[in-house]
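One structure below.
Quick caveat: nothing in here was measured; it's all calculated off a predicted structure. Excluded from the calculations below are hydrogen atoms, water molecules and symmetry mates; all remaining heavy atoms, backbone and side chain alike, are included.
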Amino acid sequence: MTTPASTTTPSSTTLTSTVVRLKLSLLRNGLRQSGGRRAAYVASAVIVLLFAVGQLLGLVALRGHAHADAVVVLLAAVLGLGWAVMPLFFPSGDETLDPTRLVMLPLRPLPLVRALLVASLVGIGPLFTLCLAVGSVVAVAHGGAAYAVGVLGVALTLLVCVALARAVAAANLRLLTSRKGRDLAVLSGLVIAVGAQVVNFGVQRLGSNGLGQLDPVADVLRWLPPASALGAVHSVSEGSYGTAAAQLAVSVAALVAALVVWARQLTRLMTSPDGSTLQAADPGPRARASTGLGRLLPAGRTGTVMERSLRYIWRDPKTKAAWVTSLAIGLIVPVFNALQGTGSIYFACFAAGMLGIQMYNQFGQDTSAFWMVAMTISSPRDAYVELRARALALLVITLPYATLVTVVTTALLGDWERLPEALGLSFALLGAMLATGAWTSASFPYSIPQEGYKNVVPGQAGLAWISIFGGMVASALLCAPVIAATVWLHADADNEHRLWLLLPLGTAYGALLTLAGLRLAAPRTARRLPEILTAVSKG
């Protein structure tokens, strides 16, 4: 980052204008590459701007409302959080501001930070943020002093959001530009799904109890940047000038801290060598120490297959994303419904259902590497041990998790008498899905692409629908005896004291279904190995 005395460096103003023009040129040239890219950019810009205008008008309509300040503060906090986390999930969203592309230029950190900060203000995201900030000021400002502070508050809000996003991106740039880092974007769907459930829960609570529910949260958030900058506008409107000054000082301090962190990360990025420029510290082969996982699993092929499956869950981005999504949604649905007072103990079965889906398309998860597994299967017995080990690996996670979700849901509802029957139904459903998952894995295998966001390669969507939804319908039919027993025991008041029998009944029935499904799927797997290998290798 330092330059010799003989080297001329551009002035701060020249550097800033150059970087801004560079960004505009790259954006313009990128849009010229294809009409589809140009149409997608224009369409997304129009949608974002229409949404921003709608939010602006909605905030203006809140002017004079008793709880407008709470809405404004909460909105600013969510906006700041979004700016902070989005670079982690969409690292390639603004490639024109990647500082590593400027490593060979004689640039100093502080001028470069100023130039990149100004360039960061050019785009749809900053314009959207600006619209929300302006609408927030209009909603809570009363008097000339409040509007004057509002101008400063809008600027601070925008700058804090942008600087925070750039600091986070710079701190994680080495990771985000690697293959593993790019795979983090796969988890963005989970964030959206969980966020949608949280927003839905919050809207329902607000609809029943009013905006006054936001006041306790807003009292805390108004002291956190960037919400504190807009909170200062309301404080001035209320005549609390000292409070407003303190809130503005908090936002200024946050902006300075973000810029300092950003500058330090830029210095590290542009002066420190990365893995591509360093020689291996230990070029010789070295035996890897065995982990504790292998020692806890059974010996032989069963333990080997279980360990491989569990490592896939932990290391493979697509598999991990599917598991994390299932774990999150399996907990959110029953718990959120219980918190809203509309839940049922039977919603706890949702956890077992979401995790049971992971048994489907077992061989497709291996993709082209399945040929190494296929070489070890020469008989139905080999296929049975392979499928059984994969099912056991799933049970290591699904059994305790389904039990935990059921207990938590029961505690929230306070319906402890129905805990045994809920567990019995969950275990029966889990066993049914393991059985149908083993059979559909052999009958309807499909390939999962390793890159991108698709979970099915083109041309195999029909197989995926048949495998998953057909298996789910079959699982529901297989659980009919346990469901019928539950209804019968509830219908007869004299038998209600025997409802606890559903726990051992459901557990035993689920285990029998799993064993039967594995026995039926094993010969089919051994017989259809060539077809399975061809189907799963297309990605």
Are side-chain heavy atoms of [X] and [Y] found at a separation under 4.5 Å?
X: Met433; Y: Ile357; value: yes
X: Val19; Y: Val118; value: no
X: Phe350; Y: Val405; value: no
X: Leu221; Y: Leu224; value: yes
X: Pro226; Y: Leu156; value: no
X: Trp83; Y: Pro126; value: yes
X: Arg418; Y: Leu413; value: no
X: Ile397; Y: Ile313; value: yes

Heavy-atom closest pair, residues [X] and [Y]:
X: Tyr147; Y: Val138; result: OH-O, 4.4 Å
X: Leu423; Y: Thr403; result: CD2-CA, 3.9 Å
X: Val250; Y: Trp223; result: CG1-O, 3.6 Å
X: Pro400; Y: Leu395; result: CD-O, 3.6 Å
X: Leu59; Y: Ala139; result: O-CB, 3.1 Å
X: Leu164; Y: Ala84; result: CD2-CB, 3.6 Å

Can any side-chain N or O of [X] pair as donor or acceptor with the backbone N or O of [Y] at less than 3.5 Å?
X: Arg63; Y: Ala141; result: yes
X: Ser237; Y: His142; result: yes
X: Asn361; Y: Tyr446; result: yes

* **side-chain contact (heavy atoms from CB on, under 4.5 Å) evaluation trace for Val407 with Trp416** => CA-CA 9 Å; Val407 171; Trp416 291 103; 4.2 Å; yes
[atom1]-[atom2] distance between [X] and [Y], expressed to the nearest 0.5 angstrom:
X: Leu117; Y: Leu159; atom1: CG; atom2: CG; result: 5.5 Å
X: Arg222; Y: Leu230; atom1: CZ; atom2: CG; result: 11.0 Å
X: Leu132; Y: Leu127; atom1: CG; atom2: CG; result: 10.0 Å
X: Tyr401; Y: Leu331; atom1: OH; atom2: CG; result: 4.0 Å
X: Ser120; Y: Lys23; atom1: OG; atom2: NZ; result: 6.0 Å
X: Leu429; Y: Leu355; atom1: CG; atom2: CG; result: 10.0 Å

* Which is it for Val162 and Thr129 under the side-chain contact (heavy atoms from CB on, under 4.5 Å) test, yes or no, and what are the steps along the way? -> CA-CA 10 Å; Val162 173; Thr129 304; over 6 Å; no
